Amino acid sequence: AEKFKAEDEANKDKVEAKNGLENYCFSMRNTLDEEKIKEKIEASDKEAIEKIITETLEWLDKNQLGEKDEFDAKQKEVEGVVNPIMMKVYQAAGGAPGDMPGADAGASAAGGAGPTVEEVD
């Protein structure tokens with residue numbers, strides 16, 4: 001059993017990273033549908049987020065067996081597009097950046113200490 005422990009742990013980390021990325025994408029997609037966001041986000045920014053989310057979900061479909069570092073890199077890529085736009089939207093709405101839905105979605109994949117979907121919903 002011990003010899004499989006490291007392999008099991010690596011697989012667990014990989015699945016958590018994949019699920020974290022997928023959850024982040026769906027969370028951002030839902031956030032874009034919120035009324036208060038629709039009012040504040042510019043059409044070009046919304047399109048940019050929708051494009052990266054769609055591309056990432058397609059990438060996930062094609063890379064189900066990817067490695068943890070691939071999923072982590074893809075998450076950073078998505079966050080690099082989404083986070084600056086959402087910061088701008090929340091500043092325009094007068095909200096604090098900490099109020100961003102999906103802001104902590106990557107934490108569970110990265111550190112395991114972030115909120116679960118049940119806690120966020």
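For the single chain, residues carry numbers from 1 onward in sequence order. Just so you know, these numbers come straight off a predicted model, no measurement behind them.
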message: Among T31, I37, L32, which residue satisfies the side chain to side chain contact (heavy atoms under 4.5 Å, CB included) criterion with V89?
response: I37

- request: Nearest 0.5 Å please: distance from the OG atom of S44 over to the CD1 atom of I49.
  value: 10.0 Å

Let me check something: any side-chain donor-acceptor pairs from residues 55-66 under 3.5 Å, sequence neighbours excluded? List them with distances.
{"residue": "E55", "atom": "OE2", "partner": "K51", "partner atom": "NZ", "Å": "3.1"}
{"residue": "T56", "atom": "OG1", "partner": "I52", "partner atom": "O", "Å": "2.6"}
{"residue": "N63", "atom": "ND2", "partner": "W59", "partner atom": "O", "Å": "2.8"}
{"residue": "Q64", "atom": "OE1", "partner": "K18", "partner atom": "NZ", "Å": "3.4"}
{"residue": "Q64", "atom": "NE2", "partner": "L60", "partner atom": "O", "Å": "2.9"}

query: How many angstroms lie between atom NZ of K14 and atom CD of E70, to the nearest 0.5 angstrom?
result: 9.0 Å

message: If I take atom CZ from residue F71 and atom CD from residue E16, how far apart are they, to the nearest 0.5 angstrom?
response: 12.5 Å

query: Should E79 and K76 be marked as a salt bridge (charged side-chain N to carboxylate O under 4.0 Å, His left out) after you check the CA-CA gap, both sets of side-chain angles, and the distance that decides it?
result: CA-CA 5 Å; E79 288 173 349; K76 283 187 178 26; over 6 Å; no

field: Presence of salt bridge, D33 and R29, under 4.0 angstrom
entry: no

message: Once rounded to the nearest 0.5 Å, what's the spacing between atom SG of C25 and atom CD of Q75?
response: 7.5 Å

- line: Taken to the nearest 0.5 Å, the spacing of L21 CG from F26 CZ works out to 10.0 Å

task: Go through the steps for Y24 and M28 under the test side chain to side chain contact (heavy atoms under 4.5 Å, CB included), then give the verdict.
output: CA-CA 6 Å; Y24 182 81; M28 285 314 308; 3.9 Å; yes

Atom pair CD (E39) and CD (E34), whose distance is rounded to the nearest 0.5 Å: 11.0 Å

query: Taking only residues two or more places apart in sequence or in another chain, which ones pass side chain to side chain donor-acceptor pair (under 3.5 Å) with K36?
result: none

Evaluation steps, side chain to side chain contact (heavy atoms under 4.5 Å, CB included), between K12 and D8: CA-CA 6 Å; K12 178 180 164 251; D8 288 346; over 6 Å; no

Heavy-atom closest pair, residues D72 and K68: OD2-NZ, 2.6 Å

- request: Quickly, which of K88, K38, K40 forms a salt bridge (Lys or Arg N to Asp or Glu O under 4.0 Å) with D45? Name it, please.
  value: K88

